[in-house]
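Within every chain, numbering begins at 1; the chains are lettered A, B, ... in the order of the sequence lines, protein sequences first and strands thereafter. Side-chain atoms are counted along with the backbone in the values below, which use heavy atoms only and exclude waters and symmetry mates.
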Amino acid sequence: MLETKYDHKRVEKGKYENWKEKGYFKSGDTTKKPFCIVIPPPNVTGKLHLGHAWDTSIQDVLIRYKRMCGYDALWLPGMDHAGIATQAKVDRKLREEGMDPRSMDREEWLKKAWAWKDEYASNIHDQWATLGLSLDYTKERFTLDEGLSEAVRKVFVHLYEEGLIYRGERIINWDPEAMTALSNEEVIYKDVEGAFYHLKYFIEGSDEYLEVATTRPETLFGDTAVAVNPNDERYKHLIGKNVILPILNEKIPVVGDEHADMEFGTGVVKITPAHDPNDFEVGNRHNLERKIIMNPNGTMNALCGEKYDGMDRFACREAVVKDLEEQGILIRIEKITHNVGHSERTDVMVEPYLSKQWFVRMRPLADAVLENQKNKDTKVNFWPSRFEKIMNHWMEITYDWCISRQLWWGHRIPAWYRGEEVYVGVEEPKGEGWIQDEDVLDTWFSSALWPFSTLGWPEGNELIERYYPNNCLVTGYDIIPFWVNRMTFQGLHFTGKRPFEDCIIHGLIRDKEGRKMSKSLGNGVDPMDVIEAYGADALRYYLTTEVSAGMDLKYDEDKVKSTWNFINKLWNASRFVLLNIENLSEEEFTLDGLKEEDEWILSKLNKAISDTRKYLDKYEFNNAGASLYNFIWNDFCDNYIEMAKFSADDVVTKSTLYHVLSSVIRAISPFMPYVSEEIYTMMPFKKCDSIMIDEYPTYSKEYDFDTKDVDDMLEFVRLFRTFKLENGVGKEFYIEYNSKAHYRIITNLLKLDGKTEGQKGNASYDVIYKEYSISVFFNKDDSSSIDAAKKRISELEDSIARRKKLLSNENYTSKAPQDIVLKDRQKLQEEEAELEKLRTA
RNA sequence: GAGUGAUUAGCUCAGCUGGUUAGAGCGCCACGUUGACAUCGUGGAGGUCGUAGGUUCGAGUCCUAUAUUGCUCACCA
């Protein structure tokens, strides 16, 4: 039998292993309609955090719900190799062990990385299990699997042949620590303290100079021109002349280019084509030389002169400024705060760097998405819909995607070189002397294929046929640019279909103060610690029902605690029911001859179930949770169970208790799989071996009744209690029933049995509501304190006056919908009747 | 600079296509251990829904402006 207290550790122990062993997580029953979600693959870099717990809990609620609704539910698990993130961590670990990762052999290094992957994958599996996620492990994939790698090569080659992938020299975002290129999305802009250094660039053969302001004086070694606006009257005449580049004392031309903004600064810009994207464009327009003056690790190279060769870029800035000052070139230093790009993974300042990289030509792919989003039958539907704008905006402004990374951990680019020859193909080219590109692809290049590569694409097979497009994708809004957008254009391009019909977007987890959870702030919370303290069920319910769709969530442990209390409440209600229906058999079970309170709770149950289903179908998990919470706590525990106590021997009461409890635990099971299973197994009879393969409860028309009478009685009970408390009636009092209404439930709930005999007190009061009226006599020295009636009368008078005024407004009665006006008229009548009774009492 | 959210009770949040007297949890106050639960029960206090206009018979909800704050994107060398 159940303990008096819910023990989450005992309840959750062993259940997951049992479900997994019995094969309940497996998909593939082709007699059913398919429903498929693929998990956003977590990085194999570490532990899952609260954000993962939130994201996966939502998916598990959905998949369990659909499974119980009779779908062949596939939730496909997997992980992401997470190129740069993993490589950075593996390198760090190797360094800690005294090894230099960069001097290792590539194959040797990869062995270490795979060992790391295995270790972390196993941690993640344990965490998934603890969370209770019903993932179909028979279909688990990893982004570096052979099948997925083949899909990646196929996509690369295909896009190359279509001219949508090309290799070119461009300014890209360079991470000098990881020593790799980055995409725009991997760059995070932060405000930093900096300065404008105003410098003199002397005009050749003259004492005159142009005043050039720059935030990066160390890049002057790469300057190959100075630009002024061709319409700028101040400098127009200088176009075509030369200026002297400081320190190096080289001649560089003055060019006229629109890029120079007359309004900004001095109107003169130094042009460094190899180290600034705008300057690169200017350089192209004027055929300027591209001087790369830095090494890949962020140190200066020989072009900067002997003094600066090998110096770190930041040390070089200081040294250059000092030299310029000594040479009288530095006019002044103006302190400013500006936005500077940092690497998402290593947090170092990103260097705009001229480099030969592979790119995806985005425009045609993005346009296809924009076009498809106009078709309501084939578009990706966002929930909430406002997030579609984020995707569309990105599609409108996106430009070519740099996909090559100078890393080892990832899919090696399927391109081979032999002298000037380039070969791009799925397989290695035949013949001697071919050398494969050393670089790997951006992690997101492979994740973009996840919805179909995991199902076996490019081989056409029954998995693709059956589960693609996926029904849903669940992720946070921060991932839309990185992932959702790329899945969408790749899906459209390669399968001709959207990758998923619905894209459910949630927010970010923040700490109690609203700050992002991060390692540097030390405000992170480990979901495993929360589960240890309150159980997976409490954490899951809390995360999935706390906020409305798309909103951020401020994590508050007290709320997890109160969710635990809610589960304890459900636990104890179940305990009461199970104690009372211990020997109820399936044959005895009957819902014939329902009492009015039975009809009442069954109707409330119906409402709760249909609301819950309605909300789950709209992915409004918070509303679904609230509807179950209110039903369980208010209707079932506070009211029905109290009423049932007075007829607990009745087989109809027992059957009703059974029916309600059985429905409730099934309805809440997707949120709380463990505790619902525990209660399910203790039911005297049940349909299945596990709640997770039983049916989700449905609305049943035959058990929908008019509940007004019981609602009225409960309202009377509330008024009676209020009166007793406010007037300090205490336990000793005497009552008289004043009307012929039946008082069975009221008498029981208020424990009025035996209150019709004994001493009448000196004070008295009539509690009246609708057809119910009871006079209460009790002892009180100061009977003048009884003002509850006055209070109620004045409430009624106010309300009646308000309503009369409203109903006398012809604009209202003629323009408002008639059912609403009718309701007002009825309500007015009721209030007037009640007031009349109170006055005559 | 552009886009997009938020602003409702002390705190954290709900509030669907506009409908009467705006809800929940936690916290607070009073009372209460009757055999599911004190991790509980009963009752209560507490909000002019950021501000100013407008549309409407009727606005937390729609429109305009504005303030504060968050996020995304783009940015000035």
Side-chain angles (χ1 to χ4, degrees), chain A residues 2 4-6 184-185 189 196 212-216 219 227 259-261 263-272 276 278-279 282 336 338-339 384 386-387 389-390 393-394 396-398 477-478 480-481 507-508 510 512 514 516 545-548 550-556 558-559 561-580 614-615 618 620 622-623 625-626 629-630 633-634 637-638 641-642 645 717-718 721-726 728 730-731 751 795 798-799 802-803 806-807 809-817 819-821 823-824 827-828:
Chain A
L2 283 78
T4 60
K5 192 172 138 181
Y6 163 58
N184 296 333
E185 284 73 19
Y189 287 87
F196 269 134
V212 174
T214 177
T215 53
R216 308 197 52 204
T219 63
H259 169 62
D261 182 351
E263 310 295 318
F264 187 83
T266 58
V268 186
V269 199
K270 68 190 210 50
I271 302 297
T272 324
D276 181 282
N278 290 314
D279 293 2
V282 176
I336 54 156
H338 60 154
N339 253 337
R386 65 172 187 269
F387 290 104
K389 288 180 216 161
I390 295 184
H393 182 240
W394 188 90
E396 279 159 16
I397 63 160
T398 189
Y477 58 72
D478 55 327
I480 293 173
L508 264 33
R510 298 174 178 283
K512 226 175 161 179
K516 262 188 187 169
T545 64
E546 173 65 6
V547 290
S548 56
M551 302 296 290
D552 287 351
L553 186 153
K554 283 185 200 162
Y555 177 77
D556 182 352
D558 285 346
K559 294 208 157 196
K561 200 170 176 177
S562 68
T563 303
W564 188 97
N565 289 352
F566 170 49
I567 301 176
N568 187 55
K569 186 76 180 175
L570 174 62
W571 179 262
N572 274 292
S574 306
R575 190 163 168 266
F576 171 83
V577 174
L578 291 169
L579 284 167
N580 282 285
K614 180 183 81 190
Y615 290 130
K618 292 196 287 181
E620 291 178 13
N622 63 322
N623 289 330
Y629 183 101
N630 291 330
W633 206 308
N634 304 332
C637 294
D638 290 349
I641 285 181
E642 292 307 317
K645 281 176 182 171
V717 165
R718 195 188 63 79
R721 284 170 177 157
T722 310
F723 156 75
K724 268 183 69 187
L725 262 170
E726 284 185 351
K731 291 180 182 175
K751 301 183 176 32
E795 267 175 22
D798 289 352
S799 182
R802 219 180 358 254
R803 227 175 285 279
L806 185 68
L807 285 165
N809 182 342
E810 202 176 315
N811 266 325
Y812 172 69
T813 50
S814 62
K815 289 183 185 169
D819 55 321
I820 287 172
V821 178
K823 260 190 207 163
D824 266 318
K827 192 90 190 184
L828 178 65

Residues which pass salt bridge (Lys or Arg N to Asp or Glu O under 4.0 Å) with [X], listed by chain and number, not counting sequence neighbours:
X        : result
A:Arg721 : none
A:Lys827 : none
A:Lys618 : A:Glu620
A:Lys614 : A:Asp611

Heavy-atom donor-acceptor pair, [X] side-chain to [N] base, under 3.5 Å:
X        : N      : value
A:Asp556 : B:rU12 : no
A:Arg803 : B:rU20 : yes
A:Glu642 : B:rA36 : yes

For [X], what residues pass the side chain to side chain contact (heavy atoms under 4.5 Å, CB included) criterion, not counting sequence neighbours?
X        : result
A:Lys815 : A:Asn811
A:Asp478 : A:Leu508
A:Thr4   : A:Arg575

What one-letter contact string describes nucleotides 1-8 of chain B from 5' to 3', where B marks a base within less than 4.0 Å of any protein heavy atom, S marks contact via sugar-phosphate atoms alone, and - marks no contact?
-> ---SSS--
Just by protein heavy atoms under 4.0 Å, how would nucleotides 25-32 of chain B read 5' to 3' in B, S and -?
-> BS------
Less than 4.0 angstrom between a side-chain N/O of [X] and OP1 or OP2 of [N], yes or no?
X        : N      : result
A:Lys512 : B:rU12 : no
A:Asn623 : B:rA14 : no
A:Lys614 : B:rC16 : no
A:Thr215 : B:rA77 : no
A:Lys618 : B:rC16 : no

For A:Tyr629, enumerate each residue passing the ring pair (Phe, Tyr, Trp, His ring centres under 6.0 Å) test, keeping only those at least two apart in sequence or located in another chain.
->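 Ring pair (Phe, Tyr, Trp, His ring centres under 6.0 Å) check on A:Tyr629 returns A:Phe566, A:Trp633.
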Mind checking which stems touch RNA chain B? I mean at least 3 consecutive Watson-Crick or G-U pairs, both distances under 3.5 Å.
->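 Stem list for RNA chain B: B:1-7 with B:67-73, B:10-13 with B:23-26, B:28-32 with B:40-44, B:50-54 with B:62-66.
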C1' atoms of B:rA52 and B:rG43, separation to the nearest Å |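 Taking atom C1' in both B:rA52 and B:rG43, they lie 40 Å apart.
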Which is true for A:Phe196 with a 4.0 Å heavy-atom rule: it touches a base, it touches only sugar-phosphate, or it touches nothing?
->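 Counting heavy atoms under 4.0 Å across all strands, the contact made by A:Phe196 is with sugar-phosphate only.
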In whole angstroms, how far is the P atom of B:rG15 from the CG atom of A:Asn630?
->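 So the CG-P distance, A:Asn630 to B:rG15, works out to 14 Å.
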Contacts under 3.5 Å, N or O only, protein and nucleotides 55-57 of chain B:
| unit_1 | atom_1 | unit_2 | atom_2 | d |
| --- | --- | --- | --- | --- |
| B:rC57 | OP1 | A:Lys815 | NZ | 2.2 |
| B:rC57 | O2' | A:Asn809 | ND2 | 3.3 |

Short side-chain to backbone donor-acceptor contact, A:Asn568 and A:Tyr6, under 3.5 Å =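 Yes, because the side chain of A:Asn568 sits within donor-acceptor range (under 3.5 Å) of the backbone of A:Tyr6.
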